[in-house]
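Down below is the structure, laid out as structure tokens.
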Amino acid sequence: MDVVVVGSCMTDLVSYVPRLPTLGETLHGHKFSMGFGGKGANQCIAASRLGASTAMVAKLGSDTFGDNYLKNFKDNNVNTEHVGQTAEAATGVAPIAVDDKGDNSIIIVAGANHCLSRSDLEGADDLITSAKVVICQLEIKPEVTLAAMTRAKNQGVCVVLNPAPAVKRLDDAMYSSCDIFCPNETEAEILTGTKVASISDASAAIKALQGKGCSTVIITMGSQGAVFAEPGQEAKHVAASPVNAVDSTGAGDAFVGALGYYLACMPQLTLSEKIQRSCTIASFSVERPGTQTSYRPKHELPKELFQV
Ligand SMILES: Nc1ncnc2c1ncn2[C@@H]1O[C@H](COP(=O)(O)OP(=O)(O)OP(=O)(O)O)[C@@H](O)[C@H]1O
Ligand SMILES: *[C@@H]1O[C@H](CO)[C@@H](O)[C@H](O)[C@H]1NC(C)=O
């Protein structure tokens, strides 16, 4: 496989309401929609739409949402041999309320995602150790994430960690068990304890993260693009393309998925070029609503993105 993701699957349940409900209140919403989410699955599907061969290692519930998610993976050409279903917990869900001003409140119930175990990883060992790139995030149990990263890294597989959602403290081994550490501004800020708003803030945060044991670090900066540094080299800034922004949800996952694609499928490009093209692809996703629904397949993207 080009890209193997060990991570989360969530079903987003979005209610559009005039305002967010208060304690004990019953409110009528005016619209409802469901979406496939979970950072792991988003990144896997983003890589697959670009043409990478992909597999997901994950846990769903033995329920309707789980069955639907399996179908979603199949529709997107993702190998699901190591996507299990459990009766111990429900498929992960994120009930979200969005009010007329665009403010939201979100509940996340990880459910079955927390049932993905080390023994599941052992079952997927051949897949993980023979992948070109393994991508992890922080929506499953941290010890399972770390075990996947260490196993892959020890076998010479390129490991990318997207340390999301943001946490205050990470096991030190997480920093040193990946080849590329890829947080957004908020995550970099929380991990380093220093503000990350400008390009120079990001360069300083990268140094701090490398001080904690990271090798290459890439910080995504929304409309400002990304800042990255390889070990021992100066930080460089890559600009994002100006777009007609409609909905930035899932842009970070589009970036990480695209990066996985370039690392595995176009290794001849420089890291800077891989990041530039991943930014371009992530920026395109901001022009469409939703998360996975906003990821364009290869044939809808400029040909230059796939030429050496
Ligand atoms: N408003 C924007 N205009 C252009 N490109 C954007 C914009 N927002 C995001 N991008 C692109 O998407 C990439 C990732 O975005 P960002 O840093 O916001 O990730 P994130 O905060 O994890 O995203 P999310 O919105 O999913 O939480 C950026 O590096 C950039 O290339
Ligand atoms: C960064 O990602 C986190 C999820 O980990 C999200 O809550 C936050 O809004 C993102 N930050 C920015 C600046 O987009």
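Whatever order the structure lists ligands and atoms in, that order sets their numbers, starting from 1. All of these numbers come straight from a predicted model, not from anything done at the bench.
- Of the protein's heavy atoms, at least one falls inside 4.0 Å of atom 5 (O) of ligand 2.
- Between Thr249 and ligand 1, no N or O atom pair is found at a separation short of 3.5 Å.
- Residue contacts with ligand 1: Gly222 is placed with a nitrogen or oxygen under 3.5 Å of a nitrogen or oxygen of the ligand (distance criterion only).
- Using a 4.5 Å heavy-atom threshold, the side chains of Leu70 and Gln85 count as touching.
- When heavy-atom distances to ligand 2 are checked against a 4.0 Å cut-off, Lys39 comes that close only through its side chain, counted from C-beta outward.
- Considering backbone and side-chain N/O atoms, Asn184 comes within less than 3.5 Å of an N/O atom of ligand 1.
- Atoms of ligand 1 found under 4.0 Å from any heavy atom of Cys279, numbered from 1 in the order shown, are 29 (O), 31 (O).
- Within the 4.5 Å cutoff, no side-chain heavy atoms of Phe255 are placed close to those of Asn162.
- At least one N or O atom of Thr220 sits closer than 3.5 Å to an N or O atom of ligand 1.
- Looking at Ile180 and Ile218, their side chains come closer than 4.5 Å, going by heavy atoms from C-beta outward.
- The distance criterion of under 3.5 Å between nitrogen or oxygen atoms is not met by Val243 with respect to ligand 1.
- Shown here is Glu81, whose CD atom has no more than 12 heavy atoms of other residues, nucleotides or ligands within 6.0 Å.
- Shown here, atom 27 (O) of ligand 1 is out of close reach of the protein: none of its heavy atoms lies under 4.0 Å off.
- Side-chain atoms of Asp171 and Pro142, non-hydrogen and from C-beta on, never get closer than 4.5 Å to each other.
- No option in Ile275, Val133, Ile281 other than Ile281 meets the side chain to side chain contact (heavy atoms under 4.5 Å, CB included) test with Tyr262.
- Among the atoms of Val286, none of the N or O lies under 3.5 angstrom from an N or O of ligand 1.
- Residues Thr54 and Asn77 fail the side-chain proximity criterion, which asks for heavy atoms closer than 4.5 Å.
- Checked by atom type and distance alone, the side chain of Glu139 pairs as donor or acceptor with a backbone atom of Lys39 at under 3.5 Å.
- For Ala166, the heavy-atom gap to ligand 2 drops under 4.0 angstrom.
- Ligand 2 has an N or O atom lying under 3.5 Å from an N or O atom of Glu187, backbone or side chain.
- The protein non-hydrogen atom at the shortest distance from atom 12 (O) of ligand 1 is Ala282 CB, 3.2 Å.
- Within a 6.0 Å radius of NE2 in His28, no more than 12 heavy atoms belonging to other residues, nucleotides or ligands are found.
- Shown in contact with Ser241 at under 4.0 Å from a heavy atom are these atoms of ligand 1, numbered in order with element: 4 (C).
- Contact annotation for Ala240 and ligand 1: only side-chain heavy atoms (C-beta onward) come within less than 4.0 Å of the ligand.
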